[in-house]
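Per chain, numbering begins at 1; letters A, B, ... match sequence-line order. In this text, all values refer to a predicted model and were calculated from it rather than measured experimentally.
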Amino acid sequence: MQDAETVSKDFIRDIIDDDLRTNKYQGRVHTRFPPEPNGYLHIGHAKSICLNFGIAQDYKGLCNLRFDDTNPAKEEEEYVQSIKDNVKWLGFDWEDRLFFASDYFQQMYEYAVQLIKAEKAYVDDQTADKIAETRGNLTTPGTNSLYRDRTVQENLDLFEGMKAGVFADGQKVLRAKIDMSHPNLNMRDPIMYRILHATHHNTGDEWCIYPMYDWAHGLEDSIERITHSICTLEFENHRPLYDWFLDALGVYHPQQIEFARLNLTFTVMSKRLLLQLVDEGLVAGWDDPRLPTISGMRRRGYSPSSIRTFCKRIGVAKFNSMVDFEFLEYCVREDLNKTAPRFMGVLRPLKVVLENYPEGRTEELDAVNNPEDPSMGSRKIPFSKVLYIEQDDFMENPPKDFYRLAPGREVRLRYAYFIKCTNVVKKDGKVVELHCTYDPATKGGYAPDGRKVKSTIHWVSADQAVTAEVRLYDRLFTIKDPAGEKGRDFKQFLNPTSLEVLSDCKVEPAVQALKSSDRLQFERLGYFCVDPETTPQHLVFNRTVELRDSWVKKQKASQKT
RNA sequence: AGCCCCGUAGUGCAGCGGUUAGCACAAGAGACUCUGGAUCUCUAGACACCAGUUCGAAUCUGGUCGGGGCUGCCA
C-alpha cells in the first residue's frame with residue numbers, strides 16, 4: 001500500500017526548495033542515514049530513516065546508508081546486520097550506497113595531517129582529566145595547553161607515532177587549534193583523534209587511533225557529496241565545529257540541519273536505556289515486542305507501512321515534543337483494518353452447550369475474511385453442539401448497558417445462529433458452563449421474523465478448536481515519561497503486567513494455515529501476529545494492539561465517577 | 001550563570017503581513033452496522049506575555065516569562 005497523503009512541507013523541505021531555487025548544489029539532493037552500530041534501531045530512528053530516504057524519494061535524489069563506526073569500543077557486527085535488516089524491512093533501499101565511516105580512515109588521517117601543516121591542529125600530551133579541567137566551564141573560559149604551540153614538524157612526528165602505535169591509550173590526542181575561550185564549549189580545541197588499541201569490527205587492528213564524531217562526521221558527508229546532513233537537535237551546538245573543519249580544509253561543504261528527535265509516551269527512546277533493559281534481562285531481547293525497537297515492533301506485528309505513515313504524520317519540527325503512544329496505535333489499526341484477515345479466537349474460553357442442537361452434527365458456515373476488502377474472499381468455519389465463547393461476553397447479572405449474553409438473553413453468534421441462554425452451570429460460585437438454545441431459522445445470522453439482537457459475539461466450535469498461546473502486551477512503563485523523572489531510575493516505573501501469557505486460548509482451525517509473522521485480526525479482540533516461535537503443534541500469537549473498544553472505555557469512565 | 005535552539009487546542013503538525021487561525025489524533029454527541037470494530041455527521045477546544053513597526057501582526061523587531069540542548073579521549 002502507499003502512504004501518499006497530502007501533508008504540508010516541513011521546514012527541511014523548505015530549505016531544500018530554496019537550495020534548489022538558488023541552484024546551491026546544482027540541483028542535487030543527497031541525504032544519508034548515519035547510524036552508529038552500537039545498538040538496535042528504534043522508532044525514533046525510523047523517523048530519521050523516513051525523513052532522509054523520504055526526502056531522497058520526493059526530490060528524486062539519493063540517500064546513503066552509512067555506518068558511523070568510529071568507536072570500536074562500542075560497536076559490533078551484529079548491530080550492523082540488524083540495522084541493514086531494519087532499514088530494508090521498513091521499505092527503503094540504499095542500492096549500492098552502503099558505506100562505513102571506517103572506509104575513510106586513511107583519508108581522514110591525511111586531512112588531519114593537512115590541518116597540522118596549516119597549524120590548525122596539534123598533539124596534546126595532557127591527561128584526560130587535565131584536558132577536562134582546562135576546558136573551563138559554562139561561565140569561565142578555558143586555558144591553553146602548554147603543548148599548544150609545538151612546531152608543525154613536532155606535531156607531524158608525534159601524530160605519526162600515535163598512528164604507529166608507539167603510545168598507550170590516552171597518552172596523547174590530536175586537537176584542533178581553535179579558541180580555548182570560545183563561548184561554545186565545543187570550539188575549545190576539540191579532540192580530533194584519540195588512541196584506542198581496540199579491534200574494530202571492520203578494520204580489525206589496522207588502526208589504533210580513531211577519529212571523534214565532530215571531526216569525522218563532516219568529512220564523511222563531504223566525501224560522499226551529501227547536500228543536506230540532517231541530524232537531531234543536540235548537534236546544533238556542534239554545527240560551528242562541523243563548519244569550521246570543512247572550511248579549514250577547504251573541501252566540499254554540505255549543510256547540517258537539525259530537527260527534534262521523537263519522544264513517545266510510556267516508553268524510553270535511548271539506546272543506552274534500551275541496552276540496559278536487554279542486558280539486565282528485563283525484557284526478552286532487542287526484539288521483545290514491548291520495546292520500541294524496529295525489531296520489537298516488527299515482532300509485535302506492526303507493519304512497515306503503518307510505521308511509515310506514523311512517521312509522516314508526526315511531522316518534523318525544531319521543538320521537543322512527546323507524541324502520544326495512542327497515535328502510533330491508531331496508525332497500525334488503520335493499516336491492519338484494511339489488510340489483516342479476520343479469524344475467530346477465544347482468549348478466555350467459556351463452554352457453551354446448545355441443548356437443542358443435534359449431537360454429533362457439524363456444519364460449515366461461511367465467514368467473510370475481511371469486510372473492508374471483499375477481494376480477500378471468504379472461508380468456512382465449523383459449527384457444532386459445544387462451543388467456546390469469551391468469558392467477558394457473558395454476565396450473570398448484567399448492567400443495563402451490557403448487551404451481550406446473559407440469562408434469558410439472546411445474542412447472535414457471528415456468521416452462525418442466534419442463541420439464548422437458558423441455564424448457568426456454576427462450580428464454587430464460578431460460572432463454568434452455559435446452556436443455550438439456538439434458533440435454526442437464524443442460520444447465517446439473520447432472523448426471518450426480523451427480530452433484532454443487541455449484539456454479535458465471536459465463538460469457536462469446541463471439537464475443531466485449536467489450542468493456542470496468546471501473548472498480550474501492555475505498555476512497558478506506568479508513566480508517560482519514565483526517563484524524564486529526575487533523580488529516579490527509569491526501571492522503577494516498569495509495568496509489572498506488561499506481558500500476560502494465555503496458554504489455553506481456542507482458535508478456529510483456519511489459522512493453522514498462517515505462517516510466522518503473518519498479521520491477522522481476531523474478531524472483536526484486536527490485531528495479532530504469528531510469533532516466530534510458533535510451531536504446528538504449538539501456535540503462538542502476539543497481540544499487536546486491541547481494537548478500539550467503547551464498551552471498555554465506558555466502563556473505565558463509570559469506574560472513575 | 002555563558003552560548004545556542006524553541007514557544008499555535010489535551011497531543012502532533014500547518015499557517016511565510018490581510019484566513020471565520022487549518023489538518024490529524026484524542027475528547028463529547030448522534031447516524032449506521034452481523035466486530036460495542038470500521039464508516040459517516042456534528043460539537044467543544046489554541047496563537048505564552050508586554051511593547052513597537054504597519055492601514056493591518058500568530059507571522060517582522062525588542063523585551064519579559066517558559067521549555068530544551070551543551071562542560072566524554074560517546075555519537
Phosphate OP1/OP2 of A38(B) contacted by R333(A) side-chain N/O (<4.0 Å)
no
Using the C1' atoms only, state how far U53(B) lies from U61(B), rounded to an integer number of Å.
7 Å
Name the stems that RNA chain B belongs to, where each is three or more consecutive Watson-Crick or G-U pairs with both distances under 3.5 Å?
B:2-7 with B:65-70, B:10-13 with B:22-25, B:27-31 with B:39-43, B:48-52 with B:60-64
Measuring only the P atom in each nucleotide, how far is G52(B) from A57(B)? A whole number of Å is fine.
12 Å
Does a donor on one side chain and an acceptor on the other come within less than 3.5 Å for T267(A) and R475(A)?
no
Which of these passes side chain to side chain donor-acceptor pair (under 3.5 Å) with H458(A): R414(A), E390(A), E508(A)?
E390(A)
Is there a side-chain contact between K172(A) and the phosphate of C73(B), meaning an N or O under 4.0 Å from OP1 or OP2?
no
Checking one value: the base orientation of G72(B), syn if chi is within 90 degrees of 0, otherwise anti.
syn
Check the phosphate of A75(B) against R194(A), side-chain N and O only, distance under 4.0 Å to OP1 or OP2. Yes or no?
yes
Contact list please: residues 544-552 of chain A against RNA chain B, heavy atoms, distance less than 4.0 Å, in numerical order.
L547(A), R548(A), D549(A), S550(A), W551(A)
All N/O pairs under 3.5 Å across the protein-nucleotides 3-8 of chain B interface:
residue	atom	partner	partner atom	Å
C5(B)	O2'	E236(A)	OE2	3.2

Rounded distance in Å between the C1' positions of A27(B) and G63(B):
38 Å
Counting only side-chain N and O atoms of R135(A), is one of them less than 4.0 Å from OP1 or OP2 of G72(B)?
yes
Which parts of residues 370-377 of chain A get close to RNA chain B, meaning a heavy atom less than 4.0 angstrom away?
P371(A), E372(A)
With K172(A), which residues qualify under salt bridge (charged side-chain N to carboxylate O under 4.0 Å, His left out), at least two apart?
D125(A)
Considering only the C1' atoms, how many Å lie between G7(B) and A75(B), rounded to the nearest integer?
28 Å
Do R342(A) and U35(B) share a donor-acceptor pair, side chain to base, under 3.5 Å?
yes
Below the 4.0 Å mark, does C25(B) have OP1 or OP2 next to a side-chain nitrogen or oxygen of Y330(A)?
yes
By ring pair (Phe, Tyr, Trp, His ring centres under 6.0 Å), Y213(A) pairs with (sequence neighbours left out) H217(A), F235(A)
Counting just side-chain N and O atoms, does K452(A) come under 4.0 Å of either OP1 or OP2 of C32(B)?
no
Side-chain-base donor-acceptor pair under 3.5 Å for R524(A) and G36(B):
no
Could you work out the separation of C74(B) and G12(B) based on their P atoms and round it to a whole Å?
34 Å
Tell me whether the OP1 or OP2 atom of C13(B) has a side-chain N or O from S321(A) closer than 4.0 Å.
yes
R409(A) vs K454(A), test: side-chain contact (heavy atoms from CB on, under 4.5 Å). Steps then yes/no.
CA-CA 9 Å; R409(A) 285 238 204 124; K454(A) 261 311 217 181; 6.0 Å; no
